[in-house]
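Accompanying notes for the structure given below.
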Amino acid sequence: MSNDQPYNLLDSIDSPEDLRRLPESQLVPLAKELRDFLLASVSQSGGHFAAGLGTVELTIALHYVFNTPEHRLVWDVGHQAYPHKVLTGRRERMHTIRKWGGLAPFPKRSESHYDTFGTGHSSTSISAALGMAIAAARLGIDRKVVAVIGDGGMTAGMAFEALNHAGDLGTNLLVVLNDNDMSISPNVGALSNYFAKVLSGKLYSTVREGSKKVLRKMPSVWELARRAEEHFKGLIIPGTLFEELGFNYIGPIDGHDLPTLVTTLKNLSSLKGPQMLHVVTRKGKGYAPAEADPVKYHGVTPFDPKTGIIASKSKSKPTYSEIFSDWVCDMAAMDERLVAITPAMREGSGLVRFANEFPERYFDVGIAEQHSVTVAAGMACDGLKPVVAIYSTFLQRAYDQLIHDIINQGLPVMFAIDRAGLVGADGPTHNGSFDLTYLRCLPNMVVMAPSNENECRQMLYTAFLLDKPSAVRYPRGSGPGVAIEPAMKALPVGKAELLRKGKGIAILAFGTMVRIAQDAAEELDATAVNMRFVKPLDEDMILQLAARHDLLVSIEENVVAGGAGSGIGECLAAHGACHPVIHYGLPDRLIQHGSREDMLEDAGLTRESFLRFVQVHVARDDKRRAARSA
């Protein structure tokens, strides 16, 4: 299938305004064309796939009924927003998605005025949409606001905080719950669709509100009627929870039935107050391989659309996630106290094997990072040894719990922090740019950054043995190719490794930057040190290096502000050593999406850029010394 094939309807749509000019009878064939386009496009470019296939009809219906972008449409996460991008003027650039300089992988305000709220992490849509609805009400603007959240996003407490607030305020807001975790259930069919139309229609709404006014004057009758309505709705819809939160619940309806979607959305658009529409969709809809295995086709590299075979990358080195996977299983076999926790990232964090081999010790808490940290704290209180496998940017969402529940109580919870540093195509929302900064300031925390595969395994073992909070942070992808020793050996805490003795300059490197530091040291005849520990730092090593070198240079794959290098400067100052030290790391800006290599180049984290940085500073120092002596 080629992306050059003609799409009779889709080719005529460059904006939702064009979509809204179509007669409703053409929406179903448009959905088929849009699904065909997504298959042709994503199979060539790679990207998020199965979720978008499942929201084709929903996306068409939303843009058809609501006057976007004047009416606000807020997507959750953004995995499901590819059809939205296609219909909002970005069809011709879809082949660039997730590439350097191309379309962003998620909704992004600076990319399109149809992207009303930028996202990438889960469960923010209802809060953001409520904020927009409140703003519209305050400014006297008659504007519809719609949040689209997946069922997975509803596992986060933030979504329910927003629902509770919205129900309490009574603000005009529509929340569409896209339930794609199951096939169409028996109660989603003609009968359920009929009741959804009835319950969202004007006649039902008018009679309902009118009856309330009359029956409230007759308390016992009003209570009977209220309960009767509640039980009637409860027979056909599982909406009691949302009703109790103050929402008028409609559904569940078939999210692939365009006529029902359009009718229901039109009816809901005229209703006041908080509305909840529950639609059931199928991830991967319309493409058999993705329907059969939506996890495999959630995010894909280029693949053959005819066979569904995803091109496999030749790989001779294990990824850091795989190193963690092997270690956690080996460690669990040695210590029955070990339990593993993840916030809905079993595959990404490398816990599939653990979940199969130790199911009773595996806990996937859903998209609930805050809960993952505090439940680990509770486990640690009563004798277990929890290992929290979490992405760097996801741990940001649980920072209060990390401080309040782990650090304040000194609990021995271990964090295996994946996707540290620059992650590639997911871009700024997923870059682990800040973890060394936000972890280093925490009292009694041990933080390690491995420079290679074997060191990662040994650091994981070291962290697990500690009776205090600890973290090992490692990047996405593979390391330099160092052989892994099966036997586990604890590293001396807070001790660095001298890699090369030189003169004049000492380069102190953390984690992934050790290889660059070694190469630069060879070029400069400098000393190179693998610092290993971000906290505690090897202060003895730092002071010895300062005594023997003219200049200390730190390098890390983390923001410079407050990072590991800052700790070196603080160490020198604390010991009264007024010594030149310069820091190199991620610049004070967001690094945009692309390949990891593109991002490292843009950030200057390459051998050549680092050499230029050091040489410029050396030249400046030489010039200053010459000026002083003159």
Side-chain angles (χ1 to χ4, degrees), residues 420-421 436-437 439-440 446-459 462-463 471-475 479-480 482 489-560 562-575 577-586 604-607 609-615 617-618 621:
L436 293 187
T437 298
L439 292 174
R440 194 180 69 80
V446 175
V447 183
M448 291 170 261
S451 63
N452 59 55
E453 297 89 337
N454 185 57
E455 198 167 61
C456 182
R457 180 174 172 88
Q458 309 313 326
M459 284 184 176
T462 304
V472 180
R473 62 99 73 168
Y474 43 89
V482 172
K489 179 181 178 182
L491 302 176
V493 175
K495 292 301 178 182
E497 177 189 27
L498 180 65
L499 300 174
R500 184 187 192 278
K501 284 186 178 181
K503 56 188 178 181
I505 302 169
I507 304 173
L508 292 77
F510 296 87
T512 56
M513 295 294 104
V514 167
R515 177 57 62 91
I516 289 176
Q518 286 181 286
D519 290 346
E522 292 291 338
E523 180 82 14
L524 300 167
D525 191 20
T527 293
V529 179
N530 172 15
M531 292 301 294
R532 285 182 166 171
F533 289 82
V534 177
K535 188 172 187 176
L537 286 169
D538 190 339
E539 295 193 354
D540 291 339
M541 173 76 79
I542 293 169
L543 295 173
Q544 291 172 21
L545 293 172
R548 299 171 185 169
H549 297 80
D550 299 324
L551 176 67
L552 302 187
V553 185
S554 70
I555 179 170
E556 62 193 291
E557 194 175 339
N558 186 83
V559 291
V560 171
S566 295
I568 294 170
E570 293 162 11
C571 170
L572 293 170
H575 288 85
C578 185
H579 194 278
V581 56
I582 55 176
H583 309 301
Y584 199 69
L586 294 176
L605 292 183
T606 63
R607 174 183 178 277
S609 295
F610 179 60
L611 271 172
R612 286 194 298 269
F613 171 79
V614 176
Q615 289 165 344
H617 276 275
V618 170
D621 288 346

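Positions are given from 1, in the same order as the sequence printed here. Scope of the values below: all heavy atoms of this structure, side chains included, with no hydrogens, waters or symmetry mates.
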side-chain hydrogen bond (donor to acceptor under 3.5 Å, both in side chains) involving [X] - partner list, sequence neighbours excluded:
X    : answer
S566 : none
T606 : S609
H579 : none
Q544 : none

So how far is it from [X] [atom1] to [Y] [atom2], rounded to the nearest 0.5 Å?
X    : Y    : atom1 : atom2 : result
F610 : L524 : CZ    : CG    : 8.0 Å
M448 : E455 : CE    : CD    : 10.5 Å
D538 : I568 : CG    : CD1   : 10.5 Å
C571 : L537 : SG    : CG    : 6.5 Å
I505 : L552 : CD1   : CG    : 10.0 Å
E570 : R440 : CD    : CZ    : 4.0 Å

Any residue meeting side-chain contact (heavy atoms from CB on, under 4.5 Å) with [X], in chain and number order, not counting sequence neighbours:
X    : result
A420 : D435, R473
V559 : S433, F434, T437, L586
H583 : S554, V560, V581

Which pairs of donor and acceptor atoms, one on a side chain in residues 489-504, lie under 3.5 Å apart (sequence neighbours left out)?
{"unit_1": "E497", "atom_1": "OE1", "unit_2": "N530", "atom_2": "ND2", "d": "3.2"}
{"unit_1": "R500", "atom_1": "NE", "unit_2": "E522", "atom_2": "OE2", "d": "3.2"}
{"unit_1": "R500", "atom_1": "NH1", "unit_2": "D525", "atom_2": "OD1", "d": "3.3"}
{"unit_1": "R500", "atom_1": "NH1", "unit_2": "A526", "atom_2": "O", "d": "2.7"}
{"unit_1": "R500", "atom_1": "NH2", "unit_2": "D525", "atom_2": "OD1", "d": "3.2"}

Any idea which heavy atoms bring N558 and G563 closest together, and the distance? ND2-CA, 3.7 Å
State, to 0.1 Å, how close P450 and Y474 come at their nearest heavy-atom pair, and which atoms those are. CG-CB, 4.1 Å
I'd like to check the ring-ring contact (aromatic ring centres under 6.0 Å, His included) partners of F533; sequence neighbours left out, ordered by chain and number. none
Tell me every residue that passes ring-ring contact (aromatic ring centres under 6.0 Å, His included) with H575, counting only those two or more places apart in sequence or in another chain. none
Do F613 and I582 have side chains that get closer than 4.5 Å, going by heavy atoms? yes
Would a 4.5 Å heavy-atom cut-off, applied to side chains only, mark I542 and M531 as touching? yes
Identify all side-chain donor-acceptor contacts of residues 512-521 below 3.5 Å with residues at least two apart in sequence or on another chain.
{"unit_1": "T512", "atom_1": "OG1", "unit_2": "E557", "atom_2": "OE1", "d": "2.5"}

Under the salt bridge (charged side-chain N to carboxylate O under 4.0 Å, His left out) rule, collect the residues that match up with E539, sequence neighbours excluded. none
Tell me whether E556 contacts the main-chain N or O of G585 through its side chain, where contact means a donor paired with an acceptor under 3.5 Å. no
